[in-house]
Enquirer: 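Before I ask anything, let me first share the structure, which is written out below as structure tokens.
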Amino acid sequence: MAATPFSGDVIRKASRITAVLQIFAVVLLAILVSVYVDISSRQRDMRDAVRENAMWSVYQLNRESGDLVHDLQLLLFSENLAEDRLQELSVRYDVVYSRMNMLKKAQFEKNFAIDVGVGRHLDLVQRIIFDSQPIFDAITAGQPVSRQQLEDLDGQWSRLFRATSDLLVYTNTFVSSERAKARIELEGLQRKSIALIGLLVLSVAFLILTLQRQLRSVQAAGVSLEAMAEQLSVSFQAAEAGNRAKSQFMATMGHEIRTPLNAILGMVELLELGRLSPETSAHIRTIRRSGEALLDIINEILDYAKIEHGKLELERRPVDLQGLAETCTDMMRGRAAEAGNTVTLELAGDWRARTVLSDPTRLRQVILNFMSNGVKFTQGGRVTLRMRQTQRKGVLWLRVEVQDTGIGIDEEGKAKLFQPFSQVDASISRRYGGTGLGLIICKEIIDRFGGSVGVDSTVGEGSTFWFEMPIEATDAVVSSQGERDNAPLAALRRLRILVAEDNKVNQQVILGYLDHLGQDATLAENGALAVEQAGAKHFDLILMDMQMPVMDGIEATRQLRAGSGPCCDVPVVALTANASEEDRRLCLEAGMTGFQAKPIGIAVLHRLIREMGGSSREEPDAVMSQPPVTTPKPAAVSHPVAPAVSPQVAATVSARRQEIAEILGEDGFQELLDAFFEDAVDILAGLHAMLASGERQKLDPLLHNLKGSAANIGLMDISELSQALRHSDPAPADIERLTQMVDVARQSLSAKDQTAAA
Amino acid sequence: MRILAPLAVLLAALSFSAPAAWSLDKPTGPVILTVKGKLATPNVGETAQFDLAMLEKLAGRTGTMKTPWTEGETQFSGPLVRSVLTAAGAKGNVLLVRAINDYFATVPAEDAIKHDTILATRANGKLMSVRDKGPLFLIYPFDLEPALYNEAYFSRSVWQIKEIEVQP
């Protein structure tokens, strides 16, 4: 971050400039206002200045008085004092009178009327005019006027004329000085205006300048922000990559830890089968329990890594809720008894929908987590599992409660419950252990289901953990898996069955099973051979592996359905290790009738044949509408990652061995084992070679092969790691680990043989 | 004040002039206005002469306004210049308005046609004497058109009018 060119300085500078700009804008505004006020006051003055012209008026007065004096003297000189001439003189007087009145009353230029000198002169003029008024009033009235009176008038009027002349001169001086004053004022105004305009121009120029600077700084800020964003994005990507690497590392480490742990648990189980002293037996039980606890923790961590990475995916399969509840209580019973607890199951009398579409593994995980918490924090009490269904706004909801009579949780503790890496308090983790991830995983799962999780608790009385989620009802499965597993396998009609399978071990298992079930089985090594054989001869059922060399199961089925051979409408059931929705869709699109997850058990095979047996031609769709449910009896076998409380992973080999041995005999299983290890040596050698030569695209078929055959004999860890490596980019170390696991398996299985022999 | 029209004279003027709308009656009282120039209906020789009664009979207006020559608002009333010109049958573009003291101003005939300019006979309802700028005062309608209130029109506002000479 230190290298970024974007710094606070730029921003601060820009804001300082903005502040200056604002002040300038205000000043500018003030100047503008003052200019406007000035101009408008001048305008008012100008309007007021619309006045009568004083100079002109005074001149008129002077002229009229001069005329009057002139006329009077003319009259006196002519000695003719006729009435009409006197009247004329009287009119002249009236005119002078009106002129004088004008000067008193009219509005002249500024200051003229109030000037003392003007007033003095005007008063004198007025006095003289008023003095001669009686004579003229007499003339107007037609009374005789004596010559003496007129001569007196002449004397007065000569004074009047002089007075008006003086007034004229005075007015001229006055007006001139006023004009000069006005001009000076005007010049002052002009100077002021020029100064104002100059200021305006200056401010505008400065405004433009600062705006330009601000624009530049904003641009610079934008550029550095962009650079910073880029840098951030790079850092984010780096962080993301780091996070991904961490998740990858966690996943790898999980497998790394689980592999030896599985070996330990397997060995322990083998040891338990032997005759042991009670003391050793107790020790071994402790080892097993500790190992199982450790496995739980690792599974939780792996789950959390998945959740954090958004890789938690949910399945949608029919789930028998009652069966699920019973399985969970059964699984908890043993552990509960160890702590002196009883486990009870309370179910609603009748289900609205006993079978729903959901993810049974995840559901079981949540219920078992709640129950194992209940058992963990309860001593000599009771743990109750309740299930209830309600209808809300047309949607079916499932509510599951696990109530215990344990220590309970206070309010503070409740708040921390669903937080990652937190336990109610540190002493709890010391006393009871656990990662503290269990509940957050549960919450995450239920959130994904669109439901909610909660807890009601009273300290000292116990807690009730519950979750609610919307569920979707579905058709009930014909019969539960458990019943069939336990039921003896009924005799079947002999069918001709084509098995397309490339894996040696798988071939042996399936052929062995089919032989045991009294079926007429034919083997095809790959898809192309299967199409060829199916074209030559009629079969009643085709079991098709999905991934095979030369031609895969999908393509083979497509060709089969497209052709017109004797088997073009025979039921084809896909066998696959990856039971994803995508695979299911691909299979159905290719024209397959059913879909079966591997490794296939004898019971499932039996059911499959029975269903296809009598009705293969008439109702090939029957299988489609009721897809085989792949909920195998031991949860750990098909879902080893699930945090089963008692996974007994190592026991899967023996479980599988038992199943195979029942049908093929112990020797048959041993043969399978030998074949597997033989194959494994070749495959591993191949893997090493491909890795060395860099032909990475050839790794996948080999890993797939190893995965399938390992699963077939119950070596789930090897199978899982092979599968995991298919999706990652395997390093030589990974292949080395695979090799070691195969070695461990070989040793442990031969050890088992020895134990069995002993 | 000297040209006070007796009521009888006024009435006589009214009764005589009423039927003769196309020709101008002869003045019966003292003549206060003489219109000269090219006239269609002269009444005394080549001129049209008016006494007060004749003028006050013509279409006129009354307006209250401020002028530079009066204190405060003053109500002026009198015949419209254009009605005087019409009565005289005068044709022309320029009016030479002459005062008693032979002062004159050149007034465009337009001022009489476009604006309601009057020859005020009365200020505040009273006849104006020569001492009070009578007997006739050319008053522009400053109340109706404030734009006229400036020196150009002030100089045309002739008072003590005795004669209008109509020029082409």
Side-chain angles (χ1 to χ4, degrees), chain A residues 43-44 46-57 59-71 83-84 86-110 112-113 126 129-130 132-133 136-143 164, chain B residues 1-4 30-34 65-74 76 97-106 120-121 123-124 126-140 142-143 145-163:
Chain A
Q43 266 180 339
R44 211 167 32 246
M46 270 161 67
R47 231 187 351 264
D48 288 350
V50 177
R51 296 283 165 88
E52 186 55 43
N53 188 334
M55 191 65 203
W56 177 247
S57 296
Y59 164 72
Q60 291 266 344
L61 176 65
N62 178 243
R63 208 195 68 162
E64 291 300 333
S65 6
D67 284 357
L68 186 65
V69 172
H70 181 254
D71 281 7
E83 171 71 15
D84 57 337
L86 281 174
Q87 286 294 343
E88 252 177 60
L89 198 64
S90 173
V91 169
R92 286 252 171 240
Y93 172 81
D94 284 352
V95 170
V96 172
Y97 187 99
S98 80
R99 285 286 159 196
M100 185 273 297
N101 237 355
M102 253 282 295
L103 278 173
K104 291 295 266 189
K105 289 181 183 164
Q107 281 118 44
F108 296 105
E109 289 97 326
K110 216 166 132 191
F112 181 78
Q126 197 179 18
I129 290 171
F130 283 172
S132 44
Q133 197 181 341
F136 287 102
D137 283 351
I139 293 171
T140 309
Q143 288 165 7
T164 55
Chain B
M1 288 297 156
R2 294 178 301 146
I3 319 166
L4 270 173
V31 171
I32 55 169
L33 178 69
T34 304
M65 64 197 85
K66 272 183 173 176
T67 70
W69 319 282
T70 48
E71 285 174 316
E73 300 242 314
T74 308
F76 290 101
V97 182
R98 191 167 280 121
I100 291 168
N101 62 348
D102 292 328
Y103 167 78
F104 71 87
T106 309
T121 52
N124 292 329
K126 283 190 225 155
L127 289 169
M128 290 182 285
S129 66
V130 176
R131 290 182 193 178
D132 277 329
K133 301 182 268 297
L136 297 171
F137 194 165
L138 186 71
I139 294 288
Y140 280 88
F142 297 123
D143 55 338
E145 296 170 79
L148 299 174
Y149 196 85
N150 63 52
E151 288 87 342
Y153 290 95
F154 296 165
S155 72
R156 295 178 197 169
S157 301
V158 182
W159 60 79
Q160 295 166 337
I161 296 168
K162 63 171 182 189
E163 186 186 288

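Here the structure is a predicted model, which means the values were calculated and not measured. Residue numbering restarts at 1 for every chain, and letters A, B, ... go by the order of the sequence lines.
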Enquirer: Contact part of B:Ser155 toward chain A, heavy-atom cut-off under 4.5 Å: side chain, backbone, both or neither?
Expert: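 Contact with chain A involves no heavy atom of B:Ser155 at all.
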Enquirer: My understanding is that only residues two or more places apart in sequence, or in another chain, count here; which of them pass salt bridge (charged side-chain N to carboxylate O under 4.0 Å, His left out) with B:Lys66?
Expert: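 Checked B:Lys66 against salt bridge (charged side-chain N to carboxylate O under 4.0 Å, His left out); zero matches.
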Enquirer: Let me confirm one number: the CZ-CZ distance from A:Phe136 to B:Arg131, rounded to the nearest 0.5 Å.
Expert: 9.0 Å
Enquirer: Compare every heavy atom of B:Val130 with every heavy atom of A:Val91, then report the nearest pair and how far apart it is.
Expert: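 Between these two residues, the closest heavy atoms are O-CG1, 4.4 Å.
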Enquirer: Please round to the nearest 0.5 Å and tell me the distance separating atom CH2 of B:Trp69 and atom OG of A:Ser98.
Expert: 13.5 Å
Enquirer: Do the side chains of A:Arg92 and B:Asn101 get nearer than 4.5 Å, heavy atoms only?
Expert: yes
Enquirer: Within a radius of less than 6.0 Å around CZ of B:Phe104, do more than 12 heavy atoms belonging to other residues, nucleotides or ligands occur?
Expert: no
Enquirer: Output the distance between atom CZ (A:Arg99) and atom NZ (B:Lys133), rounded to the nearest 0.5 Å.
Expert: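 One gets 9.0 Å once the value is rounded to the nearest 0.5 Å.
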Enquirer: Just how far is it from atom CZ of A:Arg63 to atom CG of B:Asp102, taken to the nearest 0.5 Å?
Expert: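 Reported value, rounded in 0.5 Å steps: 7.5 Å.
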Enquirer: Rounded to the nearest 0.5 Å, how far apart are CG of B:Asp132 and CE of A:Met102?
Expert: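 Taking CG in B:Asp132 and CE in A:Met102, the distance rounds to 12.0 Å.
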